[in-house]
Number of protein chains: 4
Amino acid sequence: MAKDRTVNVALIGQKFMGKTHSNAWTQVRRFFEPPLRPVQHTICARHRDELEVFAAQWGWQNISTRWKDVVTNDQIGLVDIGVPNHLHAEMSIAALEAGRNVACEKPLARTLDEARDMLRAARKAKKQKTYVWYNYRRTPAVALAHQLVREGKIGKISHVRAYYLQDWAFDASVPLIWRFDKKIAGSGSHGDLNAHIIDMCRFVTGEEITEVIGAAMETFITERTLPSVGSAGGIAGGSKGSSKKGKVKVDDAVLAITRLSGGGLATFEATRFATGNQNKNGLEINGDKGAIRFNFERMNELEFYDATEERRTQGWHTVIVTHAGSHPYAEAWWPDAHIIGYEHSFTNQAYDMLLDLAGQKPTVPLPDFADAYETQRVLEAMSLAAKEKSAIKMSQVK
Amino acid sequence: MAKDRTVNVALIGQKFMGKTHSNAWTQVRRFFEPPLRPVQHTICARHRDELEVFAAQWGWQNISTRWKDVVTNDQIGLVDIGVPNHLHAEMSIAALEAGRNVACEKPLARTLDEARDMLRAARKAKKQKTYVWYNYRRTPAVALAHQLVREGKIGKISHVRAYYLQDWAFDASVPLIWRFDKKIAGSGSHGDLNAHIIDMCRFVTGEEITEVIGAAMETFITERTLPSVGSAGGIAGGSKGSSKKGKVKVDDAVLAITRLSGGGLATFEATRFATGNQNKNGLEINGDKGAIRFNFERMNELEFYDATEERRTQGWHTVIVTHAGSHPYAEAWWPDAHIIGYEHSFTNQAYDMLLDLAGQKPTVPLPDFADAYETQRVLEAMSLAAKEKSAIKMSQVK
Amino acid sequence: MAKDRTVNVALIGQKFMGKTHSNAWTQVRRFFEPPLRPVQHTICARHRDELEVFAAQWGWQNISTRWKDVVTNDQIGLVDIGVPNHLHAEMSIAALEAGRNVACEKPLARTLDEARDMLRAARKAKKQKTYVWYNYRRTPAVALAHQLVREGKIGKISHVRAYYLQDWAFDASVPLIWRFDKKIAGSGSHGDLNAHIIDMCRFVTGEEITEVIGAAMETFITERTLPSVGSAGGIAGGSKGSSKKGKVKVDDAVLAITRLSGGGLATFEATRFATGNQNKNGLEINGDKGAIRFNFERMNELEFYDATEERRTQGWHTVIVTHAGSHPYAEAWWPDAHIIGYEHSFTNQAYDMLLDLAGQKPTVPLPDFADAYETQRVLEAMSLAAKEKSAIKMSQVK
Amino acid sequence: MAKDRTVNVALIGQKFMGKTHSNAWTQVRRFFEPPLRPVQHTICARHRDELEVFAAQWGWQNISTRWKDVVTNDQIGLVDIGVPNHLHAEMSIAALEAGRNVACEKPLARTLDEARDMLRAARKAKKQKTYVWYNYRRTPAVALAHQLVREGKIGKISHVRAYYLQDWAFDASVPLIWRFDKKIAGSGSHGDLNAHIIDMCRFVTGEEITEVIGAAMETFITERTLPSVGSAGGIAGGSKGSSKKGKVKVDDAVLAITRLSGGGLATFEATRFATGNQNKNGLEINGDKGAIRFNFERMNELEFYDATEERRTQGWHTVIVTHAGSHPYAEAWWPDAHIIGYEHSFTNQAYDMLLDLAGQKPTVPLPDFADAYETQRVLEAMSLAAKEKSAIKMSQVK
């Protein structure tokens, strides 16, 4: 462990994602042996008092309330951006221009225009690395799915069903928190949930979406009370609303039917109105050799169907993806079937980024800005298709 | 049981649906006490030799190879049509004109034009009843779902996910059987599978589809060997192909995003290329009070989520729908959790048609030609939307 | 189908088992092509008026209220005994002595003494066949499990967990029906439920129980109201109790730990007090090559674990056992994943008995009186072990 | 967070349990706000070089290779014992005598005699607290189960089925590691796995075992290769065996049927030979009002059956126990259905011990030495019953 090589990390953000990233940076040294040791150099956010507590709790060495100082600090090797979407572009570009490596929360940006600017900055900054925290890629089951598809176990893909179902927004008393604020979030379930499953589909299948054949975006509750002061972490942050109301200008749900580059069809459904599903983020892939099913609410399990097996005992295998010798990341954690949880996906990503920064190959491919830009183009195409109520070819979306 | 009132039934067809219907007519008298006793008067099909065996096996009193004679026979009270789709219109109309009640297999017709002619004939024949064998309505779990929605347990519906996933057609060696023949079947998975789930969605939610926002229809395997002589029952009939090939002009898969009359969104996916799913016909409905999940591969179970329950023990209830005092049709069958199978849905429908013919209320509503015509309009709208790659309002489809 | 060879069947009993057997005899000719056609010659029971209705409903040609006449009628080829346990011995022995083949409901008898008499009669009647309706053997999943074990897919067995969980008796208002009456039933859950799982364990593993290491029998509710007049079919028959109470002298639950002949350990649990389980009849078997899980509430599924597979995708296979080319009995029924129900296990058994009577090999082995006598010995050993609170070797039980 | 009150913790052990405990002490300050801040004062183990790496990795301030120095160090407030079973008694007693609070890994001891000595020391040390790491109590689902039983939601209990199924020992090449060494471990699956489920049963039901009606202990593989040098953490430690063989004197599996103080029956099965189950630690409880099912492989789910609900929608609720406002410990972790893993149960326990040390009430009751002694008595009674092949009343075991 006592490696000499280190990288100084500065994290911007101390709410929900501040917590998942801080946890990742502290735990990665304990469960993995990364070639580069992350030093928790600086935590940056707006409120000094909260920051002090947070830094003590999570082991950050320095605090700052000025992100521009942080991203231009030459001691920092990696700027980690864990703030809401409206700040991704500005901060990432500044950090890249200052020579930093950047790990940015997803979705890459609020709009395709912003994303394009970020991509341009990333391309200009040739020596630096960019990463996007599409953490679900590093759920062991999803990483295994990626490997199985790569190795041809699924064969030619006919169908993908990707979905991300939550239900918290059905509660009309949830106030107009930042996730409902178009200026901050850019979109609703689209950037929050759909971005994840578009990334997962692209990552697992290795195919690109070539056309959005049809799409719908819907806002079920069009007015919510304005939030009172500063909400804490979590999805809906537990904040109470005031008596005033505001318009909800983002989507509550988005649905799309698409074409994949291999000729198959993929559907997407992201919604905050799917009663009975709190965080059901999943996908099913059918191919001519096999099939895969995954659902985050049972994140330690991958279901695999091998259509080439003897028919008599053919059936969905429920694979608990915790075996040290066999499953991605499992070596780092606990004995077989001593399952892991949500935050471990971030720790796994931290490990892979450290491998990559050290010039080694990550467990499975990491999304950089160029990769996340492709996801952003799909988001844009779906928005267009929903608006125009007709098919949009990806070639129309630059 | 020894009721005096009877109805003479004539069944046309002795393949897969001939068998399910024959079974329904024989079993209904044994498990139910219908107010009208069905007499298995005549079985009609093309091949006399096969018919003789079939009639003996299933207890049909007479056989005929001429359907026109059968439908005009005044002794017949109910003409039951269990033949492929291209014959539905001609036979139904002739039977209605001859004064018969008609029970026709689904889908109602190959095309909306045919369906309209059938509807017209049904309307003209005021005294007679029409029925369509959308048998899945009478799966106890689906009937219970219908009841729960009616009673407000689900509340205002945001989402419906309806799917019918099979995988037998992925086998490229399956020949061009009638299910792939546009002249006979009219369409592929669309009329075969999608019709069922459109009916189920309409039946369970009690809502109509008002717009098809986007749709896709796909043929993955565009050529298949021509079949050798007469295939038997079953989905793909076990028939072998010859060496000659023919074009497949029907869809292998169909997908659609739609709007419901209550303001929610409903998606449909019907495919014969979903590896790992042999007969996964299901739906999920989310409302502001609760949610429902159903999947035919576990047809004796309904999953129910009650969002008004104490949060602490809130969760999907897996309800085994076999309790005599509580669940539709359960009284007729076996003790609790001694589960029933596929064919029972047809027997349940036979019972409900006998109730209806006797002027009594069926367990849950029966689909007549007018009802099935609405499903046919939705099929048409989806085909149009797929073809034009744009949204189609149901008001555009007459 | 129109086979010349027939066998005249006489069925004694017209309640719950009368119905399942009648259904089996009528359906077997429709779904299978048995080498011997069963003729439903005579139905026999106590109440002539009920019998007339029943015979008409189920297609029995003759009725009788005198079972002795029936079993001595030389036209009868097979006497089928579907009455409560106290009549099994007397009727079976008389039928065997009169030269009949006999199919008797399970458990073979109330006591080991009775069972021994029956076995003796069976041995004396060399030319005749005996069968016991351990119908769960013919659930396709259980038959497949038997085949997999035979072929070595499970390997050397370490553990069997067999359970039969019901919960209807927890309702203290259920009266003292025949199932609670020691004179009629002989025992409670022991003969009713435990007999089934002992048979299943022996059948699937192919091993014998060599020792009962420990056992418990328990009556949770020791007094129940006496039933009013004649209850109908079903488990608890829906009958109402009177105001008088009687002692319950049979067990509500029975548990045992046993040793298998192959060196493994098997546990048994049969109870009518397992709230939340209505008919959960199942087993799990662990071996050094694989494992099997089955639960009747999902009777169309067998779970199979192949420990010799690549570890990476190793997991429980959920096999839907409905594939015509691959799974026992599936050819006879519906297309793949169009599932079957409880009564089909009886029809499958009727088919296998007809094969056996015609000198052909049944799908999987049939239990005869000698086989069922072994199960009875295990029941006896468990009762003894529970009573004496100590281990009992099977060699002590003759 | 920045609380003034602290407690200095010394941890003995740096293998598997050293890791879970270290993680608990570091994470507890980050996710909870304990009234007492744990200071990771000293880590103690045999090998200095390993210790240095471990201390750096996990944030321990001091290291020591002499546990006697550690337990007598007056700066230490809590001695945490995470070493194999043969050291529990000696270390605990020394620590108690030196005035320390003690948290000891389970099982309490190798033998009842050792356990009695420990209990005596705990009783003598009146001011100090003792704890045992029966961590599964603090799996949120198990804690919820405890609460539901306490509140009467399950009612009078008829049955408990407790099981802990693993399969790693079926691999005959696993060497004779400490878990197979009677001198170190005391027993095999008995102390390792059975102790956990006895504790869980007692904890969740609130009842005591009053009699062991029957029991079996079995060693399936009686010889294994002797291990080569020092194995690392994990269950079987990944260590390779040498060519020499040694006798296995501990059990591979243990089974028992018992009586509960409330009159119900409880069965226990702990085994390392249950192919297909890697860490399936669970229980089912049936009562006259409801029932509960739990299985650690799906540790974020509790299944609950409410027999008082409307029968029509009665069924097992699958409750995801992650809701901040409703479920034990959920507030500390992530948003709803962002699931947690194995190690979190230890962190939850660390939090509860800190509450208790500060004089506050833990979330659910903590097992102290007196409590764990009762579990040890049950272990002893089961061993006796297995040996004597007859029932043992708990009153016979002092």
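Order of the sequence lines fixes the chain letters, A, B, ..., with proteins taken first and strands second; residue numbering starts at 1 for each chain. Note that this is a predicted model, so its numbers are computed, not measured.
Closest approach of A/His317 and C/Glu309 over heavy atoms only: CE1-OE2, 3.3 Å. The heavy-atom pair separating A/Val319 from C/Gln314 by the smallest distance is CG1-O, 3.4 Å. Of all non-hydrogen atoms in C/Ser326 and A/Arg311, the two that sit nearest each other are OG-CG, 3.2 Å. Minimum interatomic distance between A/Lys153 and C/Glu310 (heavy atoms only, all atoms of both residues): NZ-OE1, 3.8 Å.
For the options A/Glu151, A/Glu303, A/Glu301, heavy-atom pairs under 4.5 Å to chain C are most numerous at A/Glu151.
Residue C/His327 holds its NE2 atom at 7.5 Å from OG1 of A/Thr313, rounded to the nearest 0.5 Å.
Heavy atoms closer than 4.5 Å to chain A are found in the side chain of C/Leu144, but not in its backbone.
The main-chain N or O of A/Arg312 is never found under 3.5 Å from a side-chain atom of C/His323 such that the two would form a donor-acceptor pair.
Atom NZ of A/Lys289 is surrounded by 12 or fewer heavy atoms from other residues, nucleotides or ligands within 6.0 Å.
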